[in-house]
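To start, the structure under review is shown below, and the notes come after it.
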Amino acid sequence: MTSHPIDTIRNFSIVAHIDHGKSTLADRLIQQTGTLTAREMTEQVLDNMDIEKERGITIKAQTVRLEYRAQDGKDYVLNLMDTPGHVDFAYEVSRSLAACEGSLLVVDASQGVEAQTLANVYQALDANHEIVPVLNKIDLPAAEPDRVKEQIEEVIGLDASDAVPISAKTGIGIDLVLEAIVQRLPPPKGDETAPLKALLVDSWYDAYLGVVVLVRIVDGVLKKGMTIKMMGTGAVYGVDKVGVFRPKMTDVARLGPGEVGFLTGSIKEVADTAVGDTITEDKKPTAAMLPGFKPVQPVVFCGLFPVDAADFEDLRAAMGRLRLNDASFSYEMETSAALGFGFRCGFLGLLHLEIIQERLEREFNLDLISTAPSVVYHLNMRDGTIKELHNPADMPDVMKIETIEEPWIRATILTPDEYLGGILKLCQDRRGVQIDLNYVGKRAMVIYDLPLNEVVFDFYDRLKSISKGYASFDYAVTDYREGDLVKMSILVNAEPVDALSMLVHRDRAESRGRAMCEKLKDLIPRHLFQIPVQAAIGGKIIARETIRALSKDVTAKCYGGDATRKRKLLEKQKEGKKRMRQFGRVEIPQEAFIAALKMDS
Amino acid sequence: MIRHPTQDAGFGVYVHWPFCQSKCPYCDFNSHVRTGGIDEERYLDAFRREIAHAGDMAPGRTVTSIFLGGGTPSLMRPQTTAGLLEAIATSWTIARGAEITLEANPTSVEAERFRGYRAAGVNRVSMGIQALNDGDLRRLGRLHSVAEALAAVDVARRHFPRYSFDLIYARPDQTPAAWKAELERAIGEAADHLSLYQLTIEPGTWFERLHAAGKLAIPDPELSRILYDVTQEVCDRAGLPAYEISNHARPGAESRHNLLYWRYGEYAGVGPGAHGRIMSARGRTATATERSPEDWLARVERHGHGLVEQTVLTREEAGDEFLLMGLRLREGIEPSRYRTISGRMLDHERIQDLLGYGMIAHRAGSRIAVTPAGFPVLDSVVADLAA
């Protein structure tokens, strides 16, 4: 098989908000082009993982090659690149987009543009994409295609007059989408005779094949048996297989310019492949790397501990397995007086954190406790050095610190007008700085700069509750700024509980401390004695609650000779005690930690 | 005074008579209403067979106490009671002066049978009076009035050398003052023994449904603590201190059968849904019988017994039971016996902590007992020691 003529290739991605029908549209395209028969279609082919299916989000980039005979009579290859749909994976998204020349912008014709749509479409525009607006769900009675077209023009500044009206669910307009891809998106450009230059879009671990690398060929040809070099990492590998996704992996002899496909080789770990790296031929390298390559940078950290200390080794093994497939997640061992042995883990963002935690629990059947998520602080020390702080427990002596810097984000929030007041107050309370506020029809769009550490603490939950779920939210980390940050400790019965300590802004310490004490007061069961719960900065107590001693805990009931029932109750109680952690004389149930540390998103 | 048995706390027989005139809305005991009546003779035969079977399981024991509970045993004819006691005497030796208790409802109909029970050999009656307040009696689903109950107490006093009655407190809307007055009146009627239970909402009861629907409010832990404290004060002053968390007696008048349970002695349980604890070569065995009266009857007629469970307890389970039962007693437990039963020592640090909080104290010799301050939070104390 020879590589496909470049002018009949179209590489595209789909930009959409969750629930606006991206996956359904992708399925329709696969079906309509006969890539899979109806019988072969399982629901939403592209989202492989359970978590992806449940949440309708894509974590790993995936691709499918569609073969389509257009109305002009020519056979086209359409490569649909399914990109991760969340800001946590912004870098991965940017690399996926860099592998395409155009995007379909799918907008729900009744819901309109959402914050996430905006963030993604701006990324597509940054990648110089040609964009075809698609209005989905036009069959719904609530659909307002004209209003939504107006909104697209007003908010995004795209000409929406040629927007394609479809219903991915019923199949209306799918043919029009295919024609628009062929006619309106440009073909890729590339030189087949030049040295190999390919973009490493993504990679994952396959139990049979080892690491599978998703590539987009820019120049030259990729062939089986070639020796390739990763220009960013300098690693050299032999290529065992070259192929395309239909959507099943199908071997081909070669991939030429503009084509999207995969390679496998002697690559042991996903960590050996860096998303965004440039792949070239070792003997005949290309002159320059593709632009935009960045090493992975975790943004949010938290401790993960097994509920049952005996599961520690299992957790270590599970983390190793996940890391095989997700090099953006990092971990190192950590010990906590409260929670025992566990790991301090770094993530691309809150969603990434939650996904990893969920996969550990689900796929490896582990019960985990996660500590409060922390951002990465920069400590400017008096001795002139700069330290990175991932864990409040590692905070050095404050006397040695000159200043502390914290990461800030730029957040875009879209909300129906009536919730705007509450949302502005929330952002102000969280030390936000308003950058922009304007209206798009009845919806307000607010842009705020916020410290990330205020966002990792139940911001998303609050936002959802204030807006009854109608507000949408997206963010990107922008810069580091100096802040008056202090370490707040939580003391239970005068014993500090390391897992609960956190860095907070001095102005917010009291309210956060009070909130934590109140929460713990309800979560820690009464004991035989009174227990003070305090929040402190250094030696200064800033909030206090008291858990009163038990007043009544006895079954003054007649059980006759049926000791079994009482024993069963006692056994349950003993089992519960095993799940508690001892702090001095206080037993704190695991559930209390989980609830106290429960975070948003 | 109470003896402090070391190893052998005696051997008792519990007989469960599962029938009631009506089901009380708070009760989760194994009780059944059979409006068409039952074939008492046939049941008695089944009891005879099961008692004989129990005799084979635990041969050679001397019975120190018998308890006819329910259900409502005072619904059975006195000759049935006589038949049951004869069967027990056939399987084992009944000790001279053994305590033989029958539970009774204080209705006038049942009081008429008291003489007959006495003649059959019963020497102690325990009456389910539950309240001395007609409104509360109705709410508790009881079929008797206060006047009827007090009349029954008079009959009991004439016929039995010993009697006791039960009251339920911490009822909906009960105030400490009202309970104090009611309890003082009850003590005036009681000879030397009173069982005072707090109303608890049990799974599967009518009260549970009402409670879940928000139609039944029971006192919160604070009020129920106050009611408990009132109970102790009034009874202590009247010379009826608690010898067990909810049982009060003049010294020497304690229920020997109940002490047997709490001292973790050996007992056979016969009748539908009865539990037993029998020592065998393999260890302490927990037994339980079929709960449904008809199914129990069929089983006994087929197999000679209604046992559906015979489990040799692990040492940990037996240790847990020993603590659960023993710590309910004011006399407390002997730690060395815990060690014999469970194969491990009580945790020294936990004991020190609990001593420090004043929840437990040392009693005669090396015994450990829960203090008056510890009793209201007994479940936590037990959990601490057992963990």
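In what follows, every chain begins at residue 1, and chains take the letters A, B, ... in the order their sequences are listed.
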Problem - Minimal non-hydrogen separation, B/S380 against A/L528, with atom names - result: CB-CD2, 4.0 Å
Handout entry: Part of B/F375 lying under 4.5 Å from any heavy atom of chain A
Key = backbone
Exercise for the section: Determine the minimum heavy-atom distance between A/R565 and B/P203, stating which atoms define it. Expected result: NH2-CD, 4.5 Å
Exercise for the section: Answer with side chain, backbone, both or neither: which region of B/L260 has an atom nearer than 4.5 Å to a non-hydrogen atom of chain A? Expected result: neither
Practice task
May I ask you to check whether over 12 heavy atoms, not counting those of A/E332, lie within 6.0 Å of atom CD?
Solution key: no
Fill in the blank from the handout: Of all heavy-atom pairs linking B/E317 and A/R567, the shortest is O-CD, 3.5 Å
Completion exercise
Note: A/S551 and B/P376 closest approach over all heavy atoms is O-CB, 3.7 Å
Fill in the blank from the handout: Whatever's closer than 4.5 Å to a heavy atom in chain A on B/D220 counts as neither
Fill in the blank from the handout: When the 4.5 angstrom heavy-atom criterion is applied to B/I168 and chain A, the contacting part is neither
Practice task
Might you confirm whether atom CZ of B/R344 has over 12 heavy atoms from other residues, nucleotides or ligands at distances under 6.0 Å?
Solution key: yes
Practice task
State whether the number of non-hydrogen atoms from other residues, nucleotides or ligands found under 6.0 Å of A/R321 atom CZ is greater than 12.
Solution key: no
Handout entry: Largest heavy-atom contact set with chain A, pairs under 4.5 Å, which of B/V377, B/V381, B/L378
Key = B/V377
Practice task
Count the heavy atoms of every other residue, nucleotide or ligand shown that sit under 6.0 Å from CD of A/E313, and state whether that count exceeds 12.
Solution key: yes
Handout entry: Atom pair OG1 (A/T564) and CG (B/L324), whose distance is rounded to the nearest 0.5 Å
Key = 10.5 Å
Fill in the blank from the handout: One should read off an interatomic distance between A/Q573 CD and B/D384 CG, to the nearest 0.5 angstrom, of 9.0 Å
Practice task
Kindly give the heavy-atom pair with the smallest separation between B/A383 and A/L570, and that separation in Å.
Solution key: CA-CD1, 3.8 Å
Handout entry: Over 12 non-hydrogen atoms of neighbours within 6.0 angstrom of CZ in A/F364
Key = yes
Exercise for the section: Please round to the nearest 0.5 Å and tell me the distance separating atom CG of B/L323 and atom NZ of A/K566. Expected result: 12.0 Å
Practice task
Check the pair B/Y357, A/R585 against side chain to side chain contact (heavy atoms under 4.5 Å, CB included), reporting the backbone distance first and the verdict last.
Solution key: CA-CA 11 Å; B/Y357 305 142; A/R585 302 198 132 81; 2.9 Å; yes
Practice task
Taking all non-hydrogen atoms of both residues into account, name the closest pair between A/K574 and B/A386 and its distance.
Solution key: CE-O, 3.3 Å
